[in-house]
Amino acid sequence: MTFNSSIRYQNQRLFVDDVPVLDIQHAVNTPVYIYSQRRILQNYRAIEQAFSAMQPHIHFSMKANNSLAILRGLRQVGAGIDAVSGGEIYKAIAAGFDPSHIVFAGVGKTAADIRYALDVGIGWFNVENVQEAHLIQQLAAGMGRTHVRIALRLNPDITANTHPHIATGHGAAKFGLTAEAIRHLLDHQHEFPALTMCGLHVHIGSNLKDTTATVEAIKRARELIAPYPNVTTLNIGGGMPVAYSSDEVVPCAADFAQAIALHVDGYHLLLEPGRAIVADAGILITKVLYTKFQGGQRLVIIDASMTELIRPMLYQAHHDIVPVHHDSNVQHFPTQVHGPVCETTDVMGRDVDLPELEPDDLLAVLTVGAYGSVMSSHYNARPRPAEVLVHEDGTTWNIIRRRESWSDLVQGEM
Ligand code: LLP
């Protein structure tokens, strides 16, 4: 059975490329995130290829995964970065990115973040607030900076087809500027002599289930900037989805490319994909701690929880959970897969079809490369898990983040 070109069973054992998951678990223990570099680069190249006629700059949205090793790999194939905080800019630079290949977005950039971004010379500010535009102007002028490139982020007032928690383009969302505010800023560009307002940014949400709302948002964006010939760049954000279960069909990069091609013609195009590059390249390996039969249900308690992966609890997101040792001949039963954290919502999967399980059996939670480890926490004083990258050769691997220890939990406290 194959989940994608890198995550599959071979002789009933789960592999990441040519590495048996068991080998990694023996060396590193659980819980552990494992990523396939091969799959990450394959996903990146698929986007590059799908959009090649439009010659976009692809800025990996590092909020999806900010491991230095993964960032370095994407830098080497030519990606730029979409960052949302001073911290992300700092990490991107630590991974070797040229600051001019970084776009800086976010509704709440602090003065310190903006100063830092100006100081290192980032490529673009995606501006979401009129006051923010004034603050960037003021700080840039104070630092003697000119030609600071600005993309104004449009809130197109469009509701995307996705989970409400990750839809950002409807009028009531905090994101972006209204069309009216953007027109006002573009009509008063002379009041911002340090800034060059030459881009329009629009991102309507993440894990978009169809291309319709994206096309509509781009149409509105174009209409808005048509009277302003100095606006030559369109940044259409991220949002390309992944399938979270084997029977889910979602539009691929080529579908998005085809849908938007006509509408971005004549503009320099920027993309900010996150999930579509890393999600299906990552799995989370977890161990069964206990099993029990309770309330008429088969329960397993695993050693991974909402502190390693919060998506199921926060967005009711589905992640396939499969055994590391797969035997299709044994009977499978609906199983409730619970984490150990003291919260009723700490359920990794409900009614998961699993074989009879014993303590120490291993399970893999799939499609966790995006918004997995980055959203981990120390809740219940749980150290963060180890992370491993299987290299592009498919056979060698290394730990890219060591497992935290209890002493990490008291770091920084007085
Ligand atoms: N650009 C902007 C302005 C964004 O806000 C985002 C994601 C992206 C790009 C990247 O979107 P992607 O290609 O990954 O869909 N934690 C949530 C997802 C939050 C997305 C936030 N913004 C989840 O686990 O589903």
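From a predicted model like this one, the values you see are computed outputs, not experimental measurements. Each ligand, and each atom within it, is numbered from 1 in the order the structure gives.
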Proximal atoms of ligand 1 relative to [X] (non-hydrogen, under 4.0 Å):
X	answer
E272	1 (N), 2 (C), 3 (C), 8 (C), 9 (C), 10 (C), 13 (O)
R153	3 (C)
M375	16 (N)
G274	12 (P), 13 (O), 14 (O)
S206	11 (O), 12 (P), 14 (O), 15 (O), 20 (C)
P273	13 (O)
N207	15 (O)

Compute the centroid of each ring, for [X] and then for [Y], and state whether the two points are separated by less than 6.0 Å.
X	Y	result
F256	F51	no
H57	H268	yes
F175	H203	no

* Pair H391-T396, side-chain donor/acceptor within less than 3.5 Å -> yes
* Neighbour count above 12 (heavy atom, 6.0 Å) for Q258 CD -> no
* To do: Give a yes/no verdict on whether any heavy atom in A105 is under 4.0 Å from an atom of ligand 1.
  => no
* To do: Decide whether the shortest distance between a heavy atom of G239 and an atom of ligand 1 is less than 4.0 Å.
  => yes
* Considering only NZ, NE, NH1 and NH2 on the basic side and carboxylate oxygens on the acidic side, decide whether E132 and K109 come within less than 4.0 Å. => yes
* Of the choices R275, M240, H203, which has the non-hydrogen atom that lies closest to atom 5 (O) of ligand 1? -> H203
* Which is closest to atom 20 (C) of ligand 1 by heavy-atom distance: Y371, Y315, Y244? -> Y371
* **Note, M348 side chain near I302 side chain (heavy atom, < 4.5 Å)** => yes
* Of all pairs that satisfy ring pair (Phe, Tyr, Trp, His ring centres under 6.0 Å), the ones with a partner from residues 116-151, not counting sequence neighbours -> F104-F125, H134-F192
